[in-house]
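Letters go in sequence order (proteins before strands), and every chain restarts at 1. What you see below is based on every heavy atom in this structure, not just the backbone, and it leaves out hydrogens, waters and symmetry mates.
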Amino acid sequence: MGQALHPVRATLTDGWALRAAVLVTVALGLVLPIAAGFWQTARAAAGVMPAIGFDALSLDPLRALVTAPGFGTALRLTVVTGLGATLLSVAVAVGACAVLHNRMGARAGGRLLTPFLAAPHAAMAIGLAFLLAPSGWIARALAPLVGFDRPPLWITVNDPFGLALIAGLMVKEIPFLLLVILSALSQLPVRQHLAAGRSLGYGRGIVWIKIILPQVWPLIRLPVMVVLAFSLSVVDMALILGPSNPPTLSVLLLRLFTAPDIGQMLPASAGALLQAVLVGLSFLLLLGGERLCRRIGRWWVRRGGRGHSAEPGLWALTVLAALLFGLGALAMLSLVVWSFAWRWTWPDLLPGSWSLRAWMSPGNGWAKALWNTVLLAAATTALSLALAIAWLEGEDRARRGRAGWAEALIYLPLLVPQIGFLFGLNVLFLTIGLTGGTLAVIWAQALFVFPYVMIALSDPWRALDPRLSRAAASLGAGPWRRLVAVKLPALLTPILTAAAIGVAVSVAQYLPTLFMGAGRVATLTTEAVTLSSSSDRRVTGVYATLQAALPFAAYALALLVPAVLHRNRRALLAGDPS
Amino acid sequence: MSLDLSTLSVAPKAGEPLFPPLTLSVAPGQVATVMGPSGIGKSTLLDAIGGHLAHGFACTGSVQLNGRDLGPLPAEARRVGLLFQDALLFPHLSVGDNLAFGLSRRVRGRAARRAAVETALDRAGLSGLHDRDPATLSGGQRARAALMRTLLAEPQALLLDEPFSKLDVALRADIRAFTLDHIQSRAIPALMVTHDAEDARAMQGPVIDLTALSPR
């Protein structure tokens, strides 16, 4: 017998230190703070907050919350807008995919979606508010047709039913869902299944619903849950577009947290917990709905209906998607137009005179906010990218895939409502003497930037031909040289795309910046949200335009840099590094 | 100077070995061929020798190269070159830089290293292609560039994973002869896996059929 080789020992030690470092960073930087934040919130919800003189367990905070004026309406509004926006977004995204898929190339689709993905929620909401308001473009365009001689008395923004909020959420979430559906489709033999189904006499759209969607769903379930959690707990969009009195639950809680009477923090904490429970219940509802749909779907498939009558419905959803995209594009445009507008009389479609005045005083605030925003975006993106690369490289060195719990860990910050733990964390930071500052904000934003960067980078990283790395090893290159000289350059395009996504997520963060910065770190987003309730649309337009411009610039760089660096590298420009 | 496998076998964790224990000695300048249908673990055998085994596989037996036990060494320290059916030139580097990546660190100085790369390009009939994008090369040019990149690293043994299967018939004989030529002139042992009997014959070395070793 020959002597035994030691590959087992070798794989255990390969990258051991790297993986341990990543694990410790994630545990201490991500899991522990979320758990600690929730613990703190739960204690406050149960009446224990020694810092302000409450130290007895009681149900008073809950009672105060439930009896707070407008609580019932706020709860109802949250459920209606959150569930409504999610269900409608999923339906529209699926319908549009059924009709448009294979009629539009994946790359063209991606390029169309990018601007909508890049636009921060707050900027989009402000643009929509400009557009939908009685003095906005829609009413102005209708004026000569309908005969308005003054702005109509519509309540199209902050309407008591939350319709504007639902529309705003849909404009942002449909592109996101389309993106995840498209990426799921690229992993399935869609063309063959469509051909097989249609040769059996099924209409093109119905094959999609009966055959393709059931295969796509498991791949998009987590992103749909992210959309659901987000829609139920969104703050910035709800402040700008949502009903104001009473508002949605998350806005009501923000008001309680920032009320002059610090005793209100206890019912606010109870509300934050309730928000988390609400999200948990809605997840259960989603999973229950999935089971039900599976049953109904089976019965429906067995009936064998060829479904030609369903096509018009799918087209209607597609038209709705196109309308929402048009609305989003006009909203972005109206931000820019307002920031340069001077005199703009009703019902003219364009300003009568233009002015740079709103842009001319950077010293009054926007220069400082821009600088803060750029700084935070650069720091959080660099941090998240470094951690994501370390994580993925650690998996490579251990030569194993990702465990289910690790995948869940990445999604964790996106699935729990921000307000549930951010507030508790803020209190914790204050009690241990870490006052709100730039570092705390960087870390809090990175909590939400890291998951998106990680999700964006994982698939392309794994798609890189592992034999490239083996070829380098057989030429004598050690693990670090393989990483720096082969993998990172070959993955430049996806790395820069992930960075652009990171910048977009960082720029869009409202609640983490507000809470962890203790109101002292002013970014374009916090300023834009504050200004959105003011009357000067020109200044608001400047902030919102800048806020949207930063992610656009990041995406543009992510396209341009590889195009220039790899102008002579066909295999990399084709977007297929193998 | 030889590559010696002794009762080498690879098994997935808690599974049956992929193939019966393999004992084989490959002399310098000789190309041994391992044959067998796809799925029997030919590529995994090469992974075990080159140090690229995926997690969850364990191998028993031993691999010695010129008397060195390769078992405890990581892939980059084994000095075992690897050629695939795709040339796998690094897509972000020019043809010349791909060769320079492989070129041994012992060649020092910018001018000397550039000269060594140019010489290798000449020898492979790739003169003047130093700055070309590897994606623009023909299949045959890519195969020759990949062989040159591997040889510049001064390997003490060569592993060939169906290296000719993607080339069209006209090129195959040409590249086979080119590869064999270099292996013989360097006097290093080489191990090839293939399911093409023609490739095996052309390499003029011993042929081992993995299915015929012994019953599992």
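The minimum heavy-atom distance between B:Thr194 and B:Asp196, with the atom names listed, is OG1-N, 2.9 Å.
Using a 4.5 Å cut-off between heavy atoms, B:Asp47 touches chain A through its side chain atoms alone. For B:Arg149, the parts lying under 4.5 angstrom from a heavy atom of chain A are both the backbone and the side chain. With a threshold of 4.5 angstrom between heavy atoms, A:Pro466 does not approach chain B through any atom at all. The contact between B:Phe90 and chain A is made by backbone and side chain atoms together, counting heavy-atom distances below 4.5 Å. Contact of B:Ser104 with chain A is not made at all, since no heavy-atom distance falls under 4.5 Å.
Inter-residue side-chain proximity for B:Asn98 and B:Val95 is flagged as unmet; no heavy-atom pair is nearer than 4.5 Å. No side-chain heavy atom of A:Pro562 sits under 4.5 Å from any side-chain heavy atom of A:Leu572.
Note on A:Asp396 versus A:Lys487: salt bridge recorded, some NZ/NE/NH1/NH2 to OD/OE distance being below 4.0 Å.
The candidate from B:Leu93, B:Asp131, B:Leu152, B:Leu83 with the greatest count of non-hydrogen atom pairs under 4.5 Å with chain A is B:Leu93. Among the candidates A:Ser474, A:Pro479, A:Ala471, A:Ala472, the residue making the largest number of heavy-atom pairs closer than 4.5 Å to chain B is A:Ser474.
In terms of modelled atom types and a separation under 3.5 Å, the side chain of A:Ser186 and the main chain of A:Ser183 share a donor-acceptor contact.
With A:Leu457 as reference, A:Ile389 is the one residue of A:Thr497, A:Ile389, A:Leu491 to meet the side chain to side chain contact (heavy atoms under 4.5 Å, CB included) rule.
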